[in-house]
Amino acid sequence: MTAKLVQGYEVVIGFETHAQLSTKSKIFSRASVAFGAEPNTQACAVDMALPGTLPVMNMGAVERAIEFGLGVNAHIAERSIFARKNYFYPDLPKGYQISQFEIPVVQGGEVSFFLEVGKETVHKTVRLERAHLEEDAGKSLHEDFIGQSGIDLNRAGTPLLEIVTQPDMRSSEEAVAYAKELHKIVTWIGICDGNMQEGSFRCDANVSVRKPGAPLGTRREIKNLNSFKFMQQAIDYEVRWQIDQIEDGHTIEQATVLFDPDTGETRAMRTKEDAADYRYFPDPDLPPLVIGRDWVERVRSEMAELPRVMAERFVKDYALPEYDATQLTQSKAAAAYFEATAKACGQPKLASNWIMGEVSRRLNSGEVTFDSIPVSAAQLGALISRISDNTISNSAARQVFEGLWNGEGEVDAIIESKGLKQINDTGAIEAIIDEVLAANPKNVEEFKAGNAKALNGLVGPIMKASKGKANPAQVNELLMKKLS
Ligand code: ADP
Ligand code: MG
């Protein structure tokens with residue numbers, strides 16, 4: 001459907017996303033996860049697995065995993081297992097990471113979204129394979145100015161939910177749209193702050209290419225993409241690189257690669273380990289994670305309406321196109337603003353047009369968000385009402401909006417002070433039309449001879465003569481009457 005070929009190759013992409021869960025403390029200890037502390041001030045003995053310590057499950061992290069599972073229509077495992085993933089790395093002195101392997105807490109599920117392909121709006125669903133709980137590792141700090149590297153273990157034990165998709169995406173555009181939708185879901189339900197600069201939401205893109213109909217190609221995994229822009233650039237570069245390799249007669253080797261934003265290139269970091277290399281085994285320090293149905297049901301009953309569900313309701317209750325409903329549910333604040341505007345004016349589609357048009361344009365060009373927008377929903381509603389009761393034209397309404405944005409007062413006062421009231425008086429409009437017709441006999445003749453375009457040469461001057469204030473529908477009607 002949206003599968004576009006690149007030089008005759010089909011692109012296949014699967015995502016692994018690490019979402020840092022918004023708990024106050026670590027996944028297996030009581031140490032803080034606050035960002036930006038002095039190195040090694042928030043690493044405790046449990047996070048380092050010093051002898052004699054025991055990890056204890058943070059139930060807040062589990063609850064967030066349940067919320068995510070419900071948010072993507074997944075199965076919540078009644079019993080899942082923590083495993084040790086063994087590997088050596090300087091930022092992991094204990095030599096293993098606690099993760100989930102064979103039985104993850106969240107199984108299956110899907111993420112649906114719309115994306116623009118050319119002029120079309122396409123609906124896409126990406127299937128999730130799993131989402132599992134795990135701890136983060138520490139960080140290596142390379143201090144170039146003293147020529148040394150240090151290890152900061154503050155991040156060790158930070159709770160993560162790793163969300164893994166099936167290889168369902170077929171272009172970099174689909175991949176970015178998926179990542180944005182996933183970001184929206186985790187921030188909407190509040191399990192992750194979504195801060196990509198601070199690493200709270202980081203994506204690994206697995207990319208391969210194949211001839212249409214061929215089995216899956218070998219993937220290379222681009223690690224730690226922390227902006228949507230880099231994500232797109234990295235995948236596009238990687239796809240071209242793989243195709244060039246194959247066209248030159250090379251085979252692709254499974255590898256982990258990094259994207260360098262400065263050069264715009266991906267480069268191999270290490271050849272890729274397989275699961276067997278990690279010698280996973282159940283962590284003897286942690287009992288199976290048991291989640292009763294009652295717990296799941298309690299979480300479900302306390303969850304706010306999800307963006308997908310809300311969008312469906314907008315389609316049903318307000319008769320909005322699906323595209324509008326999706327755009328308006330990009331954030332809770334946007335959705336609330338729309339609903340309040342629609343209620344204030346009783347014209348949901350007009351409210352949607354204004355929010356997706358004028359309002360979005362304004363928000364995109366500045367620092368303002370829906371939380372700090374200077375035009376209240378009540379004001380926008382009042383403005384829309386003045387358009388539909390024919391007090392002002394659409395172009396005048398844009399001037400009123402400008403006035404509202406700049407804090408010049410309420411809708412009616414601005415219409416008054418700027419002299420924007422539309423002329424709805426038939427007599428006054430007729431007088432203007434008569435003048436214009438008399439001054440443009442050639443257009444009148446041409447129109448009567450069958451040239452419909454000659455009408456524009458009349459409507460323009462009429463609107464101009466009325467200083468843009470004549471009601472366009474009335475102008476049209478009266479003009480046609482006079483010309484027939
Ligand atoms: P690992 O941790 O070893 O990378 P996972 O199973 O956690 O393995 O993740 C594999 C990811 O790679 C999944 O998102 C999956 O959809 C994706 N994937 C698997 N095979 C391919 C392929 N041939 N091309 C692109 N993506 C793939
Ligand atoms: Mg991987």
Note, [X] side chain near [Y] side chain (heavy atom, < 4.5 Å):
| X | Y | value |
| --- | --- | --- |
| Leu289 | Ile81 | no |
| Cys44 | Arg30 | no |
| Phe35 | Asn195 | no |
| Met303 | Arg300 | no |
| Val209 | Gln245 | no |
| Trp241 | Val257 | no |
| Glu162 | His18 | yes |
| Thr218 | Thr251 | no |

Taking only residues two or more places apart in sequence, or in another chain, which ones meet [X] in a side chain to side chain donor-acceptor pair (under 3.5 Å)?
| X | value |
| --- | --- |
| Arg398 | none |
| Tyr337 | none |
| Lys211 | none |
| Glu402 | Arg362 |

Phe82 and Phe28 aromatic ring geometry - parallel, tilted or perpendicular at 30°/60° bounds: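 The arrangement is perpendicular - the two ring planes meet at more than 60°.
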
Taking ring-ring contact (aromatic ring centres under 6.0 Å, His included) as the definition, give me every residue that meets it alongside Trp188, ordered by chain and number, with sequence neighbours left out.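 Partners of Trp188 under the ring-ring contact (aromatic ring centres under 6.0 Å, His included) test: none.
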
ring-ring contact (aromatic ring centres under 6.0 Å, His included) involving Phe314 - partner list, sequence neighbours excluded: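 By the ring-ring contact (aromatic ring centres under 6.0 Å, His included) rule, Phe314 matches Tyr318, Phe338.
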
Sidechain-backbone polar pair: [X] side chain, [Y] backbone, donor-acceptor under 3.5 Å:
| X | Y | value |
| --- | --- | --- |
| Arg308 | Gly71 | yes |
| Arg84 | Asp283 | no |
| Asp136 | Arg155 | no |
| Gln233 | Pro261 | no |
| Asn58 | Gly60 | yes |
| Asp91 | Ala137 | no |
| Ser172 | Gln232 | no |
| Asn226 | Gly199 | no |
| Asp260 | Asp262 | yes |
| Asn73 | Gly109 | no |

Are the charged groups of Arg298 and Glu302 less than 4.0 angstrom apart, N to O?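 Salt bridge: yes.
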
Return the [atom1] to [atom2] distance between [X] and [Y], rounded to the nearest 0.5 Å.
| X | Y | atom1 | atom2 | value |
| --- | --- | --- | --- | --- |
| Asn224 | Asp204 | CG | CG | 5.5 Å |
| Arg219 | Glu238 | CZ | CD | 12.5 Å |
| Ser29 | Gln42 | OG | CD | 10.0 Å |
| Thr266 | Arg240 | OG1 | CZ | 10.0 Å |

Regarding [X] and [Y], is there a side-chain donor-to-acceptor distance under 3.5 Å anywhere?
| X | Y | value |
| --- | --- | --- |
| Gln97 | Glu135 | no |
| Arg64 | Ser22 | yes |
| Thr125 | Ser112 | yes |

Using the salt bridge (charged side-chain N to carboxylate O under 4.0 Å, His left out) rule, collect all pairs that involve [range], keeping only residues at least two apart or in two chains.
| range | value |
| --- | --- |
| residues 183-194 | Glu181-Lys184 |
| residues 317-338 | Asp324-Lys349 |
| residues 106-123 | none |

Heavy atoms only: give me the nearest [X]-[Y] pair and the separation to one decimal.
| X | Y | result |
| --- | --- | --- |
| Ser385 | Ala344 | OG-O, 4.3 Å |
| Val6 | Ile243 | O-CD1, 3.5 Å |
| Lys26 | Ser32 | CE-O, 3.5 Å |
| Cys345 | Gly381 | CB-O, 3.2 Å |
| Leu21 | Ala61 | CD1-O, 3.8 Å |
| Ala351 | Thr341 | CB-CG2, 3.8 Å |

Please determine whether the number of non-hydrogen atoms from other residues, nucleotides or ligands lying under 6.0 Å from atom CZ of Phe281 exceeds 12.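 For Phe281, atom CZ is crowded (more than 12 foreign heavy atoms under 6.0 Å).
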
Evaluate Arg170 against Val11 for side-chain contact (heavy atoms from CB on, under 4.5 Å), listing each step before the verdict. CA-CA 5 Å; Arg170 292 292 174 271; Val11 177; 5.8 Å; no

What pairs with Glu134 under salt bridge (Lys or Arg N to Asp or Glu O under 4.0 Å), at least two apart in sequence or on another chain?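 Glu134: no salt bridge (Lys or Arg N to Asp or Glu O under 4.0 Å) contacts found.
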
List for me each residue that meets salt bridge (Lys or Arg N to Asp or Glu O under 4.0 Å) alongside Asp294, sequence neighbours excluded, and say none if there are none.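 With neighbours one apart ignored, the set is empty.
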
side-chain contact (heavy atoms from CB on, under 4.5 Å) partner of His123, chosen from Phe114, Phe113, Tyr323: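 Testing each of Phe114, Phe113, Tyr323 against His123, the sole residue satisfying side-chain contact (heavy atoms from CB on, under 4.5 Å) is Phe114.
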
What pairs of residues pass the ring pair (Phe, Tyr, Trp, His ring centres under 6.0 Å) test when at least one of them lies in residues 192-228, not counting sequence neighbours?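 Every ring pair (Phe, Tyr, Trp, His ring centres under 6.0 Å) pair that includes a residue of residues 192-228, provided the two are not neighbours, is His183-Phe201, His183-Phe228.
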
List the steps and the verdict of side-chain contact (heavy atoms from CB on, under 4.5 Å) for Val12 and Val207. CA-CA 6 Å; Val12 176; Val207 179; over 6 Å; no

Working note: Cys192 + Thr187, criterion side-chain contact (heavy atoms from CB on, under 4.5 Å); need CA distance, chi angles, decisive distance, verdict. CA-CA 6 Å; Cys192 169; Thr187 51; 5.6 Å; no

Would you check, one step at a time, whether the test side-chain contact (heavy atoms from CB on, under 4.5 Å) holds for Leu128 with Phe68? CA-CA 12 Å; Leu128 296 184; Phe68 177 77; 4.0 Å; yes

Could you tell me if Lys94 sits above the aromatic ring of Tyr96, with its cationic atom closer than 6.0 Å to the ring centre and no more than 45 degrees from the axis?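 Because its charged atom sits under 6.0 Å from the ring centre and within 45° of the axis, Lys94 does stack over Tyr96.
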
Full working for ring pair (Phe, Tyr, Trp, His ring centres under 6.0 Å) between Phe15 and Tyr178: CA-CA 9 Å; Phe15 258 57; Tyr178 160 77; 5.7 Å; yes

